[in-house]
Amino acid sequence: MNFIYFDNSATTKPHKEVIEEVADCMEKYYGNPSSIHKLGLDAEKKLKEARERVAGLIGAAAGEIYFTSGGSESNNMAILGVLSPGDHIIASQIEHPSVIMLLKALQKENYEVTYLDVDKNGIADTEQLKDSIKDNTRLVTIMHVNNEIGSIQPISRIASIIRDRNKRTKFHVDAVQALGKLPLNVKQLDVDMLSISAHKIHGPKGAGALYMKKGLVLKPLIFGGGQEGSLRSGTENLPSISGFGIAAQIAGTDMQGKADKVKELKAYFIKRLQEIDKVVINSLMDEMHIPNILNAAFEGVRGEVLLHALEDYGIYVSTGSACSSRNSKHSNYVLSAIGLKSSYLEGAVRFSFSYENTKEEIDTAIEALKKILPFLRRMRK
Amino acid sequence: MKRLLVKYSSEITLKGLNRRIFEDALIRNIKVSIGKEHTIEKESGRMFIYTASSDLAQKLVKVFGIISVAEAEVVEKEIQDISRAAIEQLKSIVNVRTFKVETKRADKRFPIASMDVSRLVGGEILKNIEGIKVDVHKPDIIVNVEIRDKGYVYTKEYKGVGGLPYKSSGKGILLLSGGIDSPVAGYMLARRGMELTAVYYHSHPYTSERAKEKVIDLAKKLAEYTGSMKLYVVPFTRIQMEIMEKCREDELTIIMRRFMMSIAQEIACRENALALVTGESLGQVASQTLESMYVTNSDITMPVFRPLIGMDKVDIMDVSRKIGTYDTSILPYEDCCTVFVPKHPKTKPKLKDIKNSEQKLSVEELIKEAADGAEIILL
């Protein structure tokens, strides 16, 4: 059966070129990049090539890219790497669980955390940021694009506020959902660290990276053989990393064209959603939200039930973020933070697009929703 | 040479003229469990399986009807050979300080009496293993000797689950939810030899595919004991919607349960089964009060077995852990019973009221439609 994949913020379908690169690497470049013989050297060259490609996508130098297993590891590495007991950290309320859960754990130890409020668009309060930076504020960590509602934080402005208030404060940005969707330049954004992941840009799973500004020193999470500048030991996952390189290269090509296409899709989807009653759009069509994410809440249904019902039509979506959709305990903190009414809170569904989606697919989804919703809403008493 | 010595329930050996039926069922089940290629020999109260591999024993201890499985060394019926095997086995075990020899002489033509065999073998052990002592009350290790066609010596014996051979006591329909109780109920009756077919009520899209996978996993766990399991996945959404729309909210659960029982009975008829099996425990939840069970039972004409009826939840959980279903049962996927829960379900429903409410539904048609629409999975 043909299916419609509207869950591109959970993960994306790898490009053919990526799959070929991964297979090619496994077949021909299985040497250990640390080995000093020729096979090792060949593998090391592959690694270098991938590092340059990934660096190119975010305007970094190759030497500033440290490969990891993905976004969650990059976030953990950045945060734990710069902190010492007694430090103060600032984050937004709507960070990814890999940041929020870590900060919650740190709060139980000798660390202080300030969570910035977000407005109804999901944008962090920069005035509150100004007031929150203290002498012992060692780190500000803010996500570039929110994974559930697609809100875009004003990274440059936040950076200049930080630089203005405390020279010792480091700025980390979780850019997992921004990569490939927004033009990213670490120099222009003036960030110290930036987390990215391959599988959100049609690359393989199991590869990600942390950009770390030259001169910065981090404590490693994983000790060992000294790979990745001793910051992240362990034999490199060369096939996935090399696939990441290819995915980065493709993502950097015609980024505007792809973004325009996705923008058109979202606008069309929102327009057609007007045919359905009692829907709230949590990620508007404006410059404060990326076009790739459309979060809509349907009153009187449960998101999870709607998800399974859409599945019958071969349409795959998400409730909340994929990482949390099986755990109701912390699935809705983002939507609560933007002040969504409780009658809509349960009925939120995230449609997330890739430029490979089509208008016809949206038509199919709208028709399916029109059939499903009256049926599901019957159950309300 | 090694053989597995399988002891089976004395209940089976006491079955008189029907004994063959039970023994044949046991042999059939053993073959399902370990594969047909192994030769099984039957002797009074014992079966012998020729094998070199001891992981067969781990499969056998899950076969209902088996009391224990021992890895026996087979030797000539000579005190010398028996003693040598016993000494070897004791030496291979670390830190044995005390032992005792127990002998069973099935071959009455063997000239030495059981007590004397024990004494003679025990004497050889004392002579050959330094520092070891006899303790007839609480020995570290019991050396078992059985005199049959050959001499059998064993110190390692795995406890089986007991009960009666599966499929030797008729067939029943198990109402299997994703919870802790129903797999335990099924296990208990399967252990008494009842062949089971399981029924699960699926409320797509209100319950996820993962909830269904979970029930399939539970049925597979039961199949580790029974050898196989047939599972009916019954579409239940339409029935729930009809009840929600047409009946009182506080009657939802009880009417739903009545449908579940009736559909199970319908499937029982189609499967030639003679009973229903549920995991109900008196007073555990609203639908398990005596009043509720009276109402859910009233349209059912076949016996309904509720083996957990007098057990506390903690005891049920213990069995669940022991049989290996607990970790699956506690996975947090919603099942059809938890998705639609009235705020205050009736705990003392009246049959007359409930039957009145059901007038608004085309009960028979709904039951037939659900049973017809079931997906049948063989595990």
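Proteins come first, then strands; the chains are lettered A, B, ... in the order of their sequence lines, and each starts at number 1.
Few gaps surround OH on Tyr268(A); more than 12 heavy atoms of other groups in view lie less than 6.0 Å from it. Within a 6.0 Å radius of NZ in Lys360(B), more than 12 heavy atoms belonging to other residues, nucleotides or ligands are found. Counting non-hydrogen atoms of other residues, nucleotides and ligands closer than 6.0 Å to NZ of Lys322(B) gives a total of 12 or fewer. Heavy-atom contacts from other residues, nucleotides or ligands closer than 6.0 Å to NZ of Lys370(A) number more than 12.
Using a 4.5 Å cut-off on side-chain heavy atoms (C-beta onward), Met241(B) and Phe375(A) make contact.
Considering all non-hydrogen atoms of both residues, His204(B) and His308(A) come closest at CE1-O, 3.5 Å.
The one candidate from Leu307(A), Leu376(A), Val301(A) that meets the side-chain contact (heavy atoms from CB on, under 4.5 Å) condition with Pro205(B) is Leu376(A).
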